[in-house]
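Here is the structure we will look at, set down as structure tokens.
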Amino acid sequence: MDLLALADFNLVARHGGFGKAARATGRPKATLSRRVTELEAALQLRLFERGARALKLSEEGRALYERTAVLLTELDETAAAIASGADKPRGRLRISAPLLLSQTAMGKIAAGFALKYPDVRLEITTEDRVVDMIEEGYDLVIRVNPAPDESLVGRAFLHDHLVVVARPDLARPSGGQPVPGVVRGGAGAETWNVMTSEGHTKIRVEPVLVLSSLIMVRDAVRAGVGAARLPISLVSQDIANGTLQLWGDVEGSEIALWALYPSRRLLSARVSAFLEFLKQAFPKGTPEELAAYIGG
């Protein structure tokens, strides 16, 4: 594929027309049109739908633009960095992060990174769904216990686990009696498998409050509504100061936070810088580090 023709195609797609692209860049309109036509012929695809007054991307053209625009930008940035003699992080960095981490720590992380790398325009979107990095234009995603994905590489930078906590004035269950529970999502009676200092036990739970955020769950437990399963990093300070009482560790609740990026994409200076920033913020990746970071 002719990279010059591909670059001109991206130019026209970004500006929304041959004339607009020509005026914005000072390139001859005829040259841009010829290169796009040559690219269409080489690919045997129609990349633009040409109307009397409007030009719009075809379905194939939009797919090509979405997949190549970021790569061409990275090539330009790499060339500029080499020419300047330093691979300094610069440009836009788009990150998708899960809700709880965003609510508790990402504001502080983003502020620290922005102060250290003022030439990077950091954009963080909060969502728990699995985003398509290529289609949606993300440079990095943070996921909780991600499923294996050959198209992504990265590393775990934080670890956590769930514990059962409640206000000290809520009696621990005995004799198989259910306890009131605050749960995230779902409804109906359930059983929690818990490890205590005495060994394995089961806690029957009758949900009395169903919430969509773990921050909301923690606040409701603090108010004394019932018991809940929460990340230890989120409640360790409450346990230390006696606001909440630890009932035990939830079995099989290990949590790993991964920073991931596409395996077929060159690792840009800004992504490398963000990964290193996470490593410096959480050198051991323990729940205690996260708790201290949140409380600091």
Side-chain angles (χ1 to χ4, degrees), residues 95-113 124-130 140-147 154-168 170 172 181-186 192-197 203 205 209-260 274-296:
I95 297 174
S96 171
L99 178 62
L100 182 59
L101 183 69
S102 297
Q103 291 176 326
T104 57
M106 283 306 292
K108 186 176 178 180
I109 291 171
F113 184 82
I124 298 178
T125 302
T126 298
E127 48 202 344
D128 283 333
R129 69 183 180 89
V130 178
L140 190 75
V141 296
I142 297 175
R143 290 181 180 170
V144 179
N145 294 344
R155 61 172 178 251
F157 66 95
L158 269 176
H159 297 272
D160 211 338
H161 67 273
L162 299 180
V163 294
V164 176
V165 292
R167 278 274 295 269
L170 179 64
R172 287 178 180 249
V182 183
V183 300
R184 182 189 181 195
W192 297 341
N193 296 314
V194 179
M195 283 298 298
T196 68
S197 56
I203 299 176
V205 179
L209 195 55
V210 180
L211 303 171
S212 63
S213 161
L214 289 177
I215 296 291
M216 295 166 64
V217 172
R218 182 199 60 186
D219 292 345
V221 172
R222 284 175 173 173
V225 175
R229 294 181 298 183
L230 287 164
I232 184 63
S233 62
L234 194 61
V235 293
S236 60
Q237 292 190 6
D238 292 280
I239 295 170
N241 63 31
T243 304
L244 296 177
Q245 187 174 36
L246 176 65
W247 283 9
D249 298 328
V250 177
E251 292 185 347
S253 66
E254 290 73 20
I255 299 167
L257 283 167
W258 284 71
L260 302 168
F274 193 83
L275 291 173
E276 182 60 27
F277 191 83
L278 288 177
K279 185 178 180 180
Q280 293 174 2
F282 310 107
K284 297 181 180 178
T286 63
E288 292 76 17
E289 286 183 335
L290 179 56
Y293 195 87
I294 294 171

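The shown structure was predicted, so the numbers you read here are calculated from the model rather than taken from an experiment.
- Atom CD1 of Ile294 is separated from atom OG1 of Thr104 by 4.0 Å, given to the nearest 0.5 angstrom.
- Scanning both residues, Gln237 and Gly295, for their nearest heavy atoms gives NE2-CA, 3.5 Å.
- Considering every non-hydrogen atom in both Trp258 and Gly154, the closest pair reads CZ3-O, 3.7 Å.
- Scanning both residues, Ala291 and Ser236, for their nearest heavy atoms gives CB-OG, 3.2 Å.
- Between Leu158 and Leu278, every side-chain heavy-atom pair lies at or beyond the 4.5 Å cut-off.
- Considering only residues two or more places apart in sequence or on other chains, Leu209 meets the side-chain contact (heavy atoms from CB on, under 4.5 Å) condition with Val182, Leu211, Ala220, Val225.
- Scanning all heavy atoms of the two residues, the minimum distance from Ala227 to Val221 falls at C-CG2, 4.3 Å.
- Tested against Trp247 for a side chain to side chain contact (heavy atoms under 4.5 Å, CB included), the candidates Val163, Leu170, Val165 yield a single pass: Leu170.
- Residue pairs that meet the salt bridge (charged side-chain N to carboxylate O under 4.0 Å, His left out) test with at least one member in residues 224-247, sequence neighbours left out, are Glu190-Arg229, Arg222-Asp238.
- Here salt bridge (charged side-chain N to carboxylate O under 4.0 Å, His left out) pairs that include residues 244-254, with residues two or more places apart or in two chains, number zero.
- Screening residues 281-295 for salt bridge (charged side-chain N to carboxylate O under 4.0 Å, His left out), with sequence neighbours left out, gives no hits.
- With a 4.5 Å cut-off on side-chain heavy atoms, Thr126 and Met106 do not count as touching.
- A side chain to side chain contact (heavy atoms under 4.5 Å, CB included) with Leu100 holds for exactly one of Asp160, Leu230, Ile215; it is Ile215.
- When all heavy atoms of Leu275 and Ala259 are compared, the pair lying nearest together is CD2-CB, 3.6 Å.
- Summarising the geometry, atom CZ belonging to Arg143 is positioned 7.5 Å from atom OG belonging to Ser96; distances are rounded to the nearest 0.5 Å.
- With contacts defined as side-chain heavy-atom distances shorter than 4.5 Å, the pair Phe277/Ile109 qualifies.
- Annotation: side chain of Pro231 is in contact with side chain of Leu162 (closest heavy-atom distance under 4.5 Å).
- Among residues two or more places apart in sequence or in another chain, the ring pair (Phe, Tyr, Trp, His ring centres under 6.0 Å) test is passed with Phe274 by Phe113.
- Qualifying side-chain contact (heavy atoms from CB on, under 4.5 Å) partners for Val144, counting only residues two or more places apart in sequence or in other chains: Pro98, Ile255, Leu257.
- Considering NE2 of His159 and CG of Asn145, their distance stands at 10.0 Å, rounded to 0.5 Å.
- When all heavy atoms are compared, the tightest approach of Ala281 to Tyr293 is CB-CE1, 4.1 Å.
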